[in-house]
Number of protein chains: 2
Amino acid sequence: MADHAGRDRVLEATMTVLARDGIHGISGRVIAAEADVSQALVFYHYGSVTDLLATAARTASARRASTYQQRLASVGTLSDLVAEARQLHREEVVNGNLAAVRQLVAAAAIDHHLRPSLQASFDQLAAPVADRIRELTAGTALEGILDPTPLARGVAGSFLGLQLLDGVVLDIEDDALLSLEQLARLGDIVLSAGVLESAVVRRRLQQVTGTGADRPR
Amino acid sequence: MADHAGRDRVLEATMTVLARDGIHGISGRVIAAEADVSQALVFYHYGSVTDLLATAARTASARRASTYQQRLASVGTLSDLVAEARQLHREEVVNGNLAAVRQLVAAAAIDHHLRPSLQASFDQLAAPVADRIRELTAGTALEGILDPTPLARGVAGSFLGLQLLDGVVLDIEDDALLSLEQLARLGDIVLSAGVLESAVVRRRLQQVTGTGADRPR
DNA sequence: GTCTATAGCCGGATAGAC
DNA sequence: GTCTATCCGGCTATAGAC
């Protein structure tokens, strides 16, 4: 049970190599060496390196999706959401999944076949976020004005994008998360303090509806 | 003047190939063919493909930085900021610079030498954003509570990350920008309607300062 | 399913002519 | 600065033994 067959080891090795050498440095030979199998086995099981990458994309996606859905299901405030996101990010940095996804996103920009798997997992990531937005805005003046689904996709996309830049272009702990926590607290205050119910704000919110919420797709 | 020397054409071709074939599909041969020069010339001018990529990273970065700095200098509201960002994004999609940057970020995650150029342009992108945040919060209850520099880096990083996912994992016009515009309007209202000055909010803002604003680096 | 061996192409990089 | 020619190593993929 703990002894994986060659097929599984190859897939596991692909994730490792993707994280370590990137999409630029990946090859059947390197993967085979990492998995400690012969090079021919890679092609026997997956046909081509491209097809293997497609399988890797599905794997990485499935891992992300199941974890995220469970963990985001129970948060009650924006601050909780950010705290949970921070923890999830740390885990994905440590296990290398995020580094692999970064390479797969670059590869998917070129090879259209890789996209559906990544898109599917992104949808599953955004879904619980939309649920939380719905709960948070329920009963406030924002209900019916903000559209939870596209907003959640924007929020999830921003966060995923930020994760992918971490360690390359910025340090997420120094910059983004620090400030996101502040914004989240601010958002929680605005949502809970009833300020949105004031006459001034209510009147101005009509303008938001006017130019933003009706989308002619 | 309109006739570029081989050296420049090679660099230009590198950007084109990066956007079209990605970091996985790039090679001295392909670049040479695109630039319509001999393969040897690539190595004569740049030494190695890796070094050429480093130069490409500096080029792409410089292009982004100068444009962004000028264009973000004059926005007056969050809504303006989002509108300008949308326009900048469209331009960078069309000219292929964004596609090249996407590949360079993936490459920089593996090769540390590529990072400084990308980081430098990111810093130049975040700087005007920090200035706008300073202006927008000046005179409100948020002044002194939000830390403009890390917040700007978080905002800029989220947006850049989102840009890099556009067309691969999501469609920025359908999801993110639509909702970002709504959030921006909402933010503008909160900032301008004076709701932040109410006693309830002022009291609660102390808590934000307590756990977020003092950073022990 | 897994191996060794091999075909044949493509890649980085250099030598030397112009 | 730019070219042609070339070396050699790595890469994908397949054939055939076990």
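Both backbone and side-chain heavy atoms feed into the values below; hydrogens, waters and symmetry mates do not. Values in this document were obtained by computation on a predicted structure and should not be read as measured data.
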Using a heavy-atom distance cut-off of less than 4.0 Å, which residues of residues 28-40 of chain B contact DNA chain C? G28(B), R29(B), Q39(B), A40(B)
Rounded to whole angstroms, how far apart are NE2 on H24(A) and P on dC10(C)? 17 Å
Rounded to whole Å, CD1 of I23(B) lies from P of dG11(C) at a distance of 14 Å
Quick one: does any side-chain atom of D188(B) pair with a main-chain N or O of S79(B) as donor and acceptor, under 3.5 Å? yes
Separation of atom CG in D51(B) from atom P in dG12(C), rounded to whole Å: 13 Å
Short of 4.0 Å, heavy atom to strand atom, which residues of residues 105-113 of chain A count as contacting DNA chain D? none
Should E84(A) and R132(A) count as an ion pair when the cut-off is N to O under 4.0 Å? no
Would you call L164(B) and L165(A) a side-chain contact if the rule is heavy atoms closer than 4.5 Å? yes
Grab the CZ-P distance between F43(B) and dG1(D) for me, whole Å please. 18 Å
Whole-Å gap separating P (dT12(D)) and NE2 (H45(A)): 17 Å
Using a cut-off of strictly less than 4.0 Å, decide whether S48(A) has a side-chain nitrogen or oxygen near OP1 or OP2 of dT12(D). no
Using the rule side-chain contact (heavy atoms from CB on, under 4.5 Å), only one of V75(B), L72(B), I133(B) pairs with P128(B); which is it? L72(B)
For H24(B), does its backbone N or O pair with a side-chain atom of H24(A) as donor and acceptor, under 3.5 Å? no
Check this for me: does any side-chain nitrogen of one of E91(B) and R86(B) sit under 4.0 Å from a carboxylate oxygen of the other? no
Say whether, by atom type as modelled, one donor and one acceptor occur between the side chain of R9(A) and the main chain of A35(A) under 3.5 angstrom. yes
Atom-to-atom span, CG of L41(A) to C1' of dT12(D) - whole angstrom: 15 Å
So do E34(A) and R20(A) actually touch side chain to side chain, heavy atoms under 4.5 Å? yes
Is any side-chain heavy atom of R63(B) closer than 4.5 Å to a side-chain heavy atom of T59(B)? yes
I want to check one thing: is the phosphate of dT2(C), taken as OP1 and OP2, less than 4.0 Å away from some side-chain N or O of Y44(A)? no
